[in-house]
Visitor: 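Following this message is one structure expressed as structure tokens.
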Amino acid sequence: MIPRLKSIGEIGRRSQVFNQNVKITQLGKCGRIEEATRIFNQMPHRNTVTYNSMISVYAKNGRISDARNLFDKMPRKNLVSWNTMIAGYLHGDKVDKARELFDKMTQRDDFTWTLMITCYTRKGDVEKARVLFDLLPEKKKNRACWNAMIAGYAKKGCFGDARKLFDEMEDKSIVSWNSMLAGYTHIGEMSLGLRFFEEMDERDVVSWNLMVDGFVNAGDLDSAWTFFQRTPDPNIVSKVTMLCGFSRNGRIMEARRLFDEMEDKNVVSWNAMIAAYVQQCQIDEAIWLFTQMPEKNAVSWTTIINGYVRVGKLHEAEQVLNKMPYKNVGAQTAMISGYIQNRRMDEARRIFEKIGTPDVVCWNTMIAGYAHCGRVDEALSLLKRMPQKNVASWNNMIFGYAQTGQMDKAVAVFEEMGEKNLVSWNTLISGFTQNGLFTNALTTFLLMVQDGKKPDQSTFVSGLCSCANLAALEIGNQLHQTVVKSGYANDLFVSNALISMYAKCGRILSAEYVFKYIDSVDVISWNSLISGYASNGNVEKTVKIFQEMTVKGVKPDEVTFIGVLSACSHSGLVDDGLNLFRSMTEDHLIEPVAEHYACMVCLLGRAGRLEEAFQMVREMKIEPTAGIWGALLYACRVYGNLEIGRVAAEKLSKLEPHKSSNYVLLSNLNAEAGRWDEVESTRILMTDRGAEKQPGWSWI
DNA sequence: TATGCGTAGT
């Protein structure tokens, strides 16, 4: 009797453990980690599967350290426990940790190998993945390993290597075909993708989804929609893919219709819909959906925090973060970005320091924050502390140095870093351009192309801007041809840079030609053309285009007025200039900046109306810059006004103590007035301050 | 009932 009773108890206990294990896994799949944890903690008996399930739940929900703690303290590990922990590291992007466990294992199965290979391919390190693949004994090489390796190559765009393995593979599965297809669609090679898709022996819903996603990413929403509608049995992923396609193209109504028609909504589809509204800054609708959704996960909370950050409601974002049941790194990073966007670096830093193990995105956000506000030293000290840097970490540092004009250090970082991506090159090139090192910018452009990188919008804009400033028409022309060949001819930013380049190289008709062929011009296009005519000295055309712009309902901005006012100044149209200046402040409510004042001082000064110019400088709301005093001093020199000239020279000697031209102007002014003693003292002052006159250098 | 390969959401 007694043994039988005991065994019934045993059976009951086992089935209870079994059921609870299932429950833990199910809860984990819905992101209900707290409930899973509670069940786990309250279980009177646990077996190895219980621990493995709980580890997997933690790892897949971003709580990798909780997973590891459990792994370390569990009583009896089996091979699945080790594999699950490696899978956790794969999920959390921690290759080194995964490799550490992999190396410690005394026994490995096909799961172990596939996991480790995938760890490397996710990082794009196909070489290391291939080493493992080749090390793997033939009898353990199953389809999953092959597929992982093929997918690794394909995603990196190594179609040759992928195809070679694919052709070698004997028992191809639908996953093998889809892995190849994903390579094409991911890179945006949609014509190759389409050809491969048509060659496929069998297709499943994933194949169709890949095509839809590929077309969405390529911006071809019509084809995406066609493929979506042709999909035999669209699943939730198909619908979310299409929904995001609409959302990314601002077609929120169509996205919403798709969402409303979905009968099988899950947490991802809710999150996607919420994200769509966040992207449109329709935070109220996002919040409404958030309150309505049946299950929320970390992504839902993070999306809402991001939404509030986007519309500048930091206080609300803080409240959401406080209410969030388990604050993951992603959500805290969203909050950090919010503080950074509002220049509240100390608060950003406080949150950052509280996070136990910030991930690479979080570190990079912080570093980028410091770089953007010019606090490069703090950025650098974080970079040094960072356990694992990626390309973006280094890129942020390059950006920081470029921002603060330290191009030598930017170059040093660029040379020190290992793998460089397009952003690394672009950051360096635009850094050179912004710091006036135009030749370096163009040389780097060339090196980049030689390195096999394809220039993009940003590269072309920097390159063209450099040509503009160097008046390098020939290179500019070559760049224009490359722009057309690379398919950026319809890009607004590139077109604007082309207008500017042609205008500054004196080819105003070419500039106008580019302007005419832009689909929808923006204020920058108009400004480029206006400044182009202004700097070519054609005041009639400048004003005419300005009028055309206003007639077409484009609102001029401060740059527009710099162009128009400088044209007036060059042509001596004093009254027109004064009227425009008044219209700018009174009709267009544009607060004048230093450049506007410099134009006005120049305008009045050239006309000899020095008193008015001086009065304008004294009455300006902002601190006069060296450029403004310089313009005044120059005018005083021309008209021999010693009194105002001295004031201007005095200010200039404080603002630019090392610039020789300032002293030369004052000295010439004194000489014309016959004040030879002053001439001498100015020259002594100039030598004392170390301002050397450069031969052949003129103020203009 | 726990772990791997191809598709969706921050």
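Within every chain, numbering begins at 1; the chains are lettered A, B, ... in the order of the sequence lines, protein sequences first and strands thereafter. For clarity, every value in this text was computed on a predicted model and none was experimentally measured.
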Visitor: Contact class for A:K172 vs. all strands (heavy atom < 4.0 Å): base, sugar-phosphate, or nothing?
Guide: nothing
Visitor: For a quick check of understanding: with a heavy-atom distance under 4.0 Å over all strands, which category does A:V22 fall into, base, sugar-phosphate or nothing?
Guide: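 It contacts sugar-phosphate atoms only.
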Visitor: Under 3.5 Å, is there a donor on one side chain and an acceptor on the other for A:N297 and A:N61?
Guide: no
Visitor: Using the rule side chain to side chain donor-acceptor pair (under 3.5 Å), only one of A:N52, A:T112, A:T114 pairs with A:N83; which is it?
Guide: A:T112
Visitor: With a 4.0 Å cut-off on heavy atoms, is A:D110 in touch with a base, just the backbone sugar-phosphate, or nothing at all?
Guide: base
Visitor: With sequence neighbours excluded, tell me which residues meet salt bridge (charged side-chain N to carboxylate O under 4.0 Å, His left out) with A:E419.
Guide: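 A:E419 satisfies salt bridge (charged side-chain N to carboxylate O under 4.0 Å, His left out) with no other residue.
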Visitor: Give a yes-or-no answer on whether the side chains of A:T241 and A:D213 include a donor-acceptor pair shorter than 3.5 Å.
Guide: no
Visitor: Would you indicate what A:R203 reaches in the nucleic acid, counting non-hydrogen atoms under 4.0 angstrom: base, sugar-phosphate, or nothing?
Guide: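 Nothing: the residue A:R203, judged by heavy atoms under 4.0 Å, touches no strand.
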Visitor: Which part of the nucleic acid, if any, lies within reach of A:K155 when heavy atoms closer than 4.0 Å are counted: base, sugar-phosphate only, or nothing?
Guide: sugar-phosphate
Visitor: Under 4.0 Å from a heavy atom of chain A: give me the 5'-most and 3'-most nucleotides of DNA chain B that qualify.
Guide: B:dT1 to B:dT10
Visitor: Need one value for A:S53: base, sugar-phosphate or nothing, where a base atom within 4.0 Å counts as base even if backbone is also close, heavy atoms only.
Guide: sugar-phosphate
Visitor: Does the side chain of A:Q279 pick up a donor-acceptor pair with the side chain of A:S247 at under 3.5 Å?
Guide: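 Short answer, yes.
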Visitor: How is A:T302 classified with respect to the nucleic acid when contacts are heavy atoms under 4.0 Å: base, sugar-phosphate, or nothing?
Guide: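 Result for A:T302 = base.
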Visitor: Under 4.0 Å, heavy atoms only, any strand: does A:N266 hit a base, just the sugar-phosphate, or nothing?
Guide: base
Visitor: Check every strand shown and say whether A:A334 touches a base, only sugar-phosphate, or nothing at a heavy-atom separation below 4.0 Å.
Guide: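 Counting heavy atoms under 4.0 Å across all strands, no contact is made by A:A334.
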Visitor: Of all residues at least two apart in sequence or in a different chain, which pass the ring pair (Phe, Tyr, Trp, His ring centres under 6.0 Å) check with A:Y120?
Guide: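 Scan of A:Y120 (ring pair (Phe, Tyr, Trp, His ring centres under 6.0 Å), adjacent residues dropped) gives none.
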Visitor: Students often get this wrong, so: under 4.0 angstrom with heavy atoms, is A:D204 touching a base, only sugar-phosphate, or nothing?
Guide: base
